[in-house]
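Working notes, beginning with the structure itself.
Each ligand, and each atom within it, is numbered from 1 in the order the structure gives.
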Amino acid sequence: MKVLLIGNGGREHALAWKLSQSKELSKLYIAPGNPGTAQCGENIDISPTDIPALLEFAQQNKVGLVVVGPEDPLAAGAVDVFEKAGIKAFGPSRAAAQLEADKAFSKQLMRSCSISTAEGRIFDRYDDAKAYIASRDEPVVVKAAGLAKGKGVFVCDDPADGIVIAEKIMCDDMFGSAGNTIIVEDKLLGEEASILAFVDGKNIYIMESSQDHKAIGEGDTGPNTGGMGAYSPAPVVTEKMIKQITREILVPTVDGMNRNDTPYKGILYAGIMATAGGPRVLEFNVRFGDPETQPILMRLKSDLLKVMLAVCDSKLDTINLQWDPRPAVCVVMASGGYPGDYEKGKKISGLEEAGKLKDVVVFHAGTAKQDGDIVTNGGRVLGVTAIGQTIAEAKAKAYEAVDKISFEGAYYRRDIADKAINRKK
Ligand code: AMP
Ligand code: GLY
């Protein structure tokens, strides 16, 4: 089968790497891809949001399955367009993608299904938001309701900062129309985890747990990023917690989406805070996490393409996945300045040497090919991922590879996976 994968991040390199190992695959196209995905298939120069051009390409090249990586094309209805044209597409419909693309929709769904989440209020007028925040003397979390590349959430320990942020989002259009509505919610305390599941409309298959590192700085300090590293499994997620998350979060969400006439297919990603009172939902995403996908897929032994087809055909109940019990760790190497402004076009050296290390895969994210060299081309540049007998060994191998790679201004956290390593038994 020919597959078209849409996207160009580290997540898409991991997806392309795994899909290219499938016995069912005859040809893999990636639109637009990056120099990493070019090692797994053929990159096609079409933007992820140019849905008419993607459809035309898929039809002309007899693509059997389209895999939509990022949230933007999902929210723009890419899956609906391919399915209407009779082409299988992996991911939720436009209506179901609101679960991520509209945090107000998501909050209301959680409320109507009694799913445990932070108490929150939805505002579409700044004056109302300001009055509410001013009445609070506890920390607040202010979120733009629309898509903001993981940067639209602000945890404000002083509510006065929340008012300033609400003004920037709602009045100064910091995120354009994605900030027309905001959510103001209570701050939850605990350790975070990412729970990703395949969902086929009715059946749910939960993948191995993982944990992201959202903050730019070591010790989880500084502003949030798209994610500076991840590991799988996350020991904070116990068997008991998985059962509770399934029963009290995933099943009610999938049922609620069905009742809402927005049936859910694809990846359902629940961002969880493990609070003293049990797991609570921070957010839903409607696609694989980036960088969680890198360590998760390094541990997946089964054929990813088969699972994706089972999701599209609503036959997930016929699938059983095999996982490597060994943990995996991904360290993101970013451009200096990220998540703020940064320069591009810095030559990257050491990629080949790092890639030769056993049990290491260097996933590309913001890279480009220029005059035969690989250069930086984005904020998050590489996801250096390793698998090991223990989480400490996986971490050590990942950093051994990181140490072989260099580019001007390279920045990365040195403490990825420390929460798991230092965990008290
Ligand atoms: P989100 O995109 O909604 O997951 O938010 C991004 C990050 O902001 C999360 O991974 C948390 O680190 C933090 N966050 C979001 N909501 C809350 C909350 N209610 N309490 C504490 N931290 C939060
Ligand atoms: N790693 C966070 C995300 O993919 O949204």
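Within the listing of ligand 1, atoms 18 (C), 19 (N), 20 (N) sit less than 4.0 angstrom from a heavy atom of D186. Below 4.0 Å from some heavy atom of E185 lie the following atoms of ligand 1, by number and element: 16 (N), 17 (C), 18 (C), 19 (N). Residue K103 approaches ligand 1 through these ligand atoms, each under 4.0 Å from one of its heavy atoms: 1 (P), 2 (O), 3 (O).
The closest protein non-hydrogen atom to atom 3 (O) of ligand 1 is K143 NZ, 3.0 Å. Residue, atom and distance of the protein heavy atom nearest to atom 20 (N) of ligand 1 are L188 N, 2.8 Å. Among all non-hydrogen protein atoms, the one lying nearest atom 13 (C) of ligand 1 is V155 CG2, 4.0 Å. Remark: minimum distance from atom 23 (C) of ligand 1 to any protein heavy atom is reached at L282 CD2, 3.8 Å. Counting only heavy atoms of the protein, atom 11 (C) of ligand 1 lies nearest to E192 OE2, 3.0 Å.
The heavy-atom pair separating V331 from A398 by the smallest distance is CG2-CB, 4.0 Å. When every heavy atom of I206 is checked against every heavy atom of T246, the shortest pair comes out as CD1-OG1, 3.0 Å. Of all heavy-atom pairs between A14 and L297, the closest is O-CD1, 3.7 Å. Between I115 and I249, the shortest heavy-atom contact is CD1-O, 3.8 Å.
Aromatic pair Y338/Y411: ring centres not closer than 6.0 Å.
Judged by the shortest distance from any of its heavy atoms, T117 lies outside the 4.0 Å radius around the atoms of ligand 1.
Contacts of N224 with ligand 1, taken as heavy-atom pairs under 4.0 Å, involve the side chain alone. Only the side chain of V141 comes within contact range of ligand 1, with a heavy atom under 4.0 Å; no backbone atom does. At a heavy-atom distance under 4.0 Å, only side-chain atoms of V153, from C-beta outward, approach ligand 1.
Counting non-hydrogen atoms of neighbouring residues, nucleotides and ligands closer than 6.0 angstrom, the NZ atom of K346 exceeds 12 such neighbours. Taking a 6.0 Å sphere around CZ of R326, one finds it holds more than 12 heavy atoms contributed by other residues, nucleotides or ligands.
Every residue two or more places apart in sequence or in another chain that forms a side-chain hydrogen bond (donor to acceptor under 3.5 Å, both in side chains) with T49 is listed here: S47.
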Tabulating one pair per line, provide the atom names and distances (0.1 Å) for every N/O atom of ligand 2 that is less than 3.5 Å from a protein N/O atom.
{"residue": "ligand 2", "atom": "1 (N)", "partner": "D212", "partner atom": "OD2", "Å": "2.7"}
{"residue": "ligand 2", "atom": "1 (N)", "partner": "G226", "partner atom": "O", "Å": "3.4"}
{"residue": "ligand 2", "atom": "1 (N)", "partner": "D290", "partner atom": "O", "Å": "2.8"}
{"residue": "ligand 2", "atom": "1 (N)", "partner": "E292", "partner atom": "OE1", "Å": "2.8"}
{"residue": "ligand 2", "atom": "1 (N)", "partner": "E292", "partner atom": "OE2", "Å": "3.4"}
{"residue": "ligand 2", "atom": "4 (O)", "partner": "R287", "partner atom": "NH1", "Å": "2.8"}
{"residue": "ligand 2", "atom": "4 (O)", "partner": "D290", "partner atom": "N", "Å": "2.9"}
{"residue": "ligand 2", "atom": "5 (O)", "partner": "N285", "partner atom": "ND2", "Å": "3.4"}
{"residue": "ligand 2", "atom": "5 (O)", "partner": "R287", "partner atom": "NH1", "Å": "3.3"}
{"residue": "ligand 2", "atom": "5 (O)", "partner": "R287", "partner atom": "NH2", "Å": "3.0"}

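Between D359 and K397 there is a salt bridge, with a side-chain nitrogen of the basic residue lying less than 4.0 Å from a carboxylate oxygen of the acidic one. A salt bridge is absent between E191 and K419; no separation between the charged side-chain nitrogens and carboxylate oxygens falls under 4.0 Å. Look at K149 and E100 and you find no salt bridge, because none of the NZ, NE, NH1 or NH2 atoms lies under 4.0 Å from a carboxylate O.
The N/O atoms of E283, backbone and side chain alike, include one that comes under 3.5 Å of an N/O atom in ligand 1. Backbone and side-chain nitrogen or oxygen atoms of A118 are examined, and none is located within less than 3.5 angstrom of a nitrogen or oxygen of ligand 1.
For the pair P233/P327, a side-chain contact is recorded, criterion being any heavy-atom separation below 4.5 Å from C-beta on. With a 4.5 Å cut-off on side-chain heavy atoms, V307 and F198 count as touching.
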